[in-house]
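Have a look at the structure below before the remarks.
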Amino acid sequence: MRAVDALMECLKAEGVEVVFGLPGGANLPTYDAFYDAGIRHILVRHEAGGGHAAEGYAKATGKVGVAFGTSGPGATNLITPIADAMMDSVPVVFITGQVRTELIGTDGFQEADMLGMTLPIVKHSFMIQHPLEIPRAIHEAFHIARTGRPGPVLVDIPQDLSRAEIPYEPVTDVRLPGYQPTTEGNQKQIRLAAKALANARRPVLYAGGGVVNGNAAQELRDLAMSDRFPVTCTLMALGAFPAPHDQWLGMLGMHGTRAANYAMDEADLIVAIGARFDDRITGKLSEFAPRAKFIHIDIDPAEISKNVPAHIPIVGDAKNILPRLTSEYRALSADRGRLEEWWARIHGWQRQHPLRYEDSADTEVTPQFAIQAIHQATGGEAIVTSDVGQHQMWTAQYYDFPEPRRWINSGGLGTMGFGVPAAMGAAIGVPDRTVVCVAGDGSVQMNAQELATCAQNRIPIKVIILNNGFLGMVRQWQELFWDNRYSQVDLGQYPDFVKLAEAYGCTGVRLTDKTTLVEDLRAAIATDGPVVVDVRVTREANVYPMIAPGQAARDMVG
Amino acid sequence: MGEPGTKDMISLDELEAAGGLMTGRKHILSILVENKPGVLTRVAGLFARRAFNIDTLAVGPTDDPTVSRITLTLDGAVHPIDQVTKQLHKLVNVLKIRDLEPEETLARELALFKLSADGAARAEVMQICEIFRAKIVDVAKRSVVVEITGTTDKIEAFERLVRPFGLIEMARTGEIAISRGRNET
Ligand SMILES: Cc1ncc(C[n+]2csc(CCOP(=O)(O)OP(=O)(O)O)c2C)c(N)n1
Ligand SMILES: [Mg+2]
């Protein structure tokens, strides 16, 4: 059969339900194969939209996302989603067309050295050099994307090779001698960690995106509840521990709660699980958690001691390690009373510094209130994606996520325009749950074209724009750290999002009154098909509290 | 301080302080990789991304035709190498990495020197070659080409001695290395 038909067979063998993409010259053969392959293909309006949709699908379902693009500009349009998937460890296979082999290296029409350009931002990549390599490369790509620390894998297929006639035999194994992720943690280290926990008087569990990627949320909860361990999560892990909860401190880091950041600051033992001590978490590194010893559990050995030296490193899969740690800890029957003092201190911070904002005296919608209203209108049960900016931080702070894979955002790369396509992918992956995208008026314009995709395919995402007329997060930094010199952040009231929504074939609604906001949102969300809600919010609100850049956690402001 | 979003100036001192841990010694990394196109770029890219200067790099086949060996030396006094070796391990095409201990390692380099050597100088050059067990592989009227193998130290010593005679040009392979004793490198 044709190599491209074999490619379709491979996708089916991998259990692929849906792919996102846009055709062009170099992948015409692939698209001919899609014609009757029986694989659902969503035609996006920009390859970046397809890439982020594949990410949203992967994050919502835990399965591997798939995105297609043609050579040259189609491929380079995928660069941002690839980098995004690398930073947030999202399993996505990107399959790009390449020019015919005889044109490679000649600046042929629509040639781009995709393999070369993406080397630093892929988990791995394959440049197909012989049509017989295609099936194995596809299966190896899926295997690499989904196992170990997940990530993006690129397969670049020259046009002529994809047309070749090959004998297809299903591939049932992968041969990757240089790729053997460690999954089982070392038992001695686990025992040591259990002892350290039993001796700790001020412990904190600090969970990162790895807990979500590793499907280890239940295992985290079990460990936390084997005693009264306080838990905080990074932006990437929200939902791994249920919010609200007695042992929940809230998110940590730059816009985390004071309780979470102060607890890290005073902790004597921090258990980092699938987290990477990003600079948005630590603040000033030299003053980060100065009294703490660190247990660091991660499937990626390169993360251990990268930023913060670990005292007890445990390399492996959190899902494998956490239950063993919990049972080792239980066996020690530690004195539960020892955490009383620690909790008294934490409760003091929680009472004194809850998340708070000043509500408007009139009908103006404050952005924090808008998030609480979305929480109410969805019963706290929606899958929520976001763009990047203030609205993202407010959503993280004010929408309490009860379960993992409910909160889908671009944390590591911070990609504006992520929200709408990611919501589209999530809605396709999890069709029976409401999917809301909390968007910024700036960010949403970076991938608004996918509203057409949603309209055409009746993908019922609810895009709620917190419209402050500003590139708000940048404005906030200019206000706070650059003497109020607002430079190139005013977006005005353009475009008219209601008209834009309607032009795309979606329902458009504008909301401006906080007194009816919850009901109005409920009605908008209940509307069939894709809906865009333009919520006019306070123009110059700031995200607080905040660890100012270069400062230590204990010096949070606001 | 030094946070890109603030207007604080970054002092040069801070830039230096931001570096990682230095081992302070020369490192010879022996890296076994799958013999596939692009693998060298992947390996080199990890160093380039961190602006690490690779001192020498040699690539060649091994006893197994599907496997190549990259031998790479760099200065641990200038670059923190721990992170980069961990990242190397993550490359799917990398099979094995050894950070070779100098005492347990045989490291050799091949160099070719083109020296001007006429009249009396020629005899002296030949004498130095003999001491260093270097071979004269080409003789012209006013120059010779010398082939020498040995440790980097030996080759550098040879270079110092012959330079005054007129060093026209020099080509060196960079070190390759193998561990002493029965065990595989
Ligand atoms: C592609 C891209 N360009 C620039 C930035 C820098 N940036 C971060 S937040 C932000 C403002 C986003 O504005 P908006 O989407 O309206 O969100 P708001 O902060 O107002 O809620 C910008 C420009 C980015 N993160 N991504
Ligand atoms: Mg805005």
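Proteins get letters first, then strands, A, B, ... in listed order; numbering begins at 1 in each. These numbers were taken from a predicted model, which means no experiment stands behind them.
Taking the side chain as every heavy atom from C-beta outward, A/Leu115 and B/Arg42 approach each other to under 4.5 Å.
More than 12 heavy atoms of other residues, nucleotides or ligands sit less than 6.0 Å from atom CE of A/Met117.
In terms of heavy-atom pairs under 4.5 angstrom with chain B, the leader among A/Pro177, A/Pro181, A/Ala548, A/Ser305 is A/Pro177.
For a heavy-atom cut-off of 4.5 Å, chain A lies close to no residue in residues 170-185 of chain B. For residues 93-123 of chain B, heavy-atom neighbours of chain A at less than 4.5 Å comprise B/Asn93, B/Val94, B/Leu95, sorted by residue number. Proximity to chain A at a heavy-atom threshold of 4.5 Å picks out B/Glu34, B/Pro37, B/Thr41 from residues 28-41 of chain B, in numerical order. Using a 4.5 Å heavy-atom cut-off against chain B, the contacting residues of residues 121-155 of chain A are A/Lys123, A/His124, A/Ser125, A/Gln129, A/Ile144, A/Arg149.
Judged by distance alone, with hydrogens and angles left aside, the side-chain atoms of B/Lys90 form no donor-acceptor pair with the main-chain N or O of A/Asp300 at under 3.5 Å.
In this structure, A/Ala302 and B/Gln87 approach most closely via the heavy-atom pair CB-NE2, 3.8 Å.
For the atom pair B/Leu91 CG and A/Leu119 CG, the distance stands at 9.0 Å (nearest 0.5 Å).
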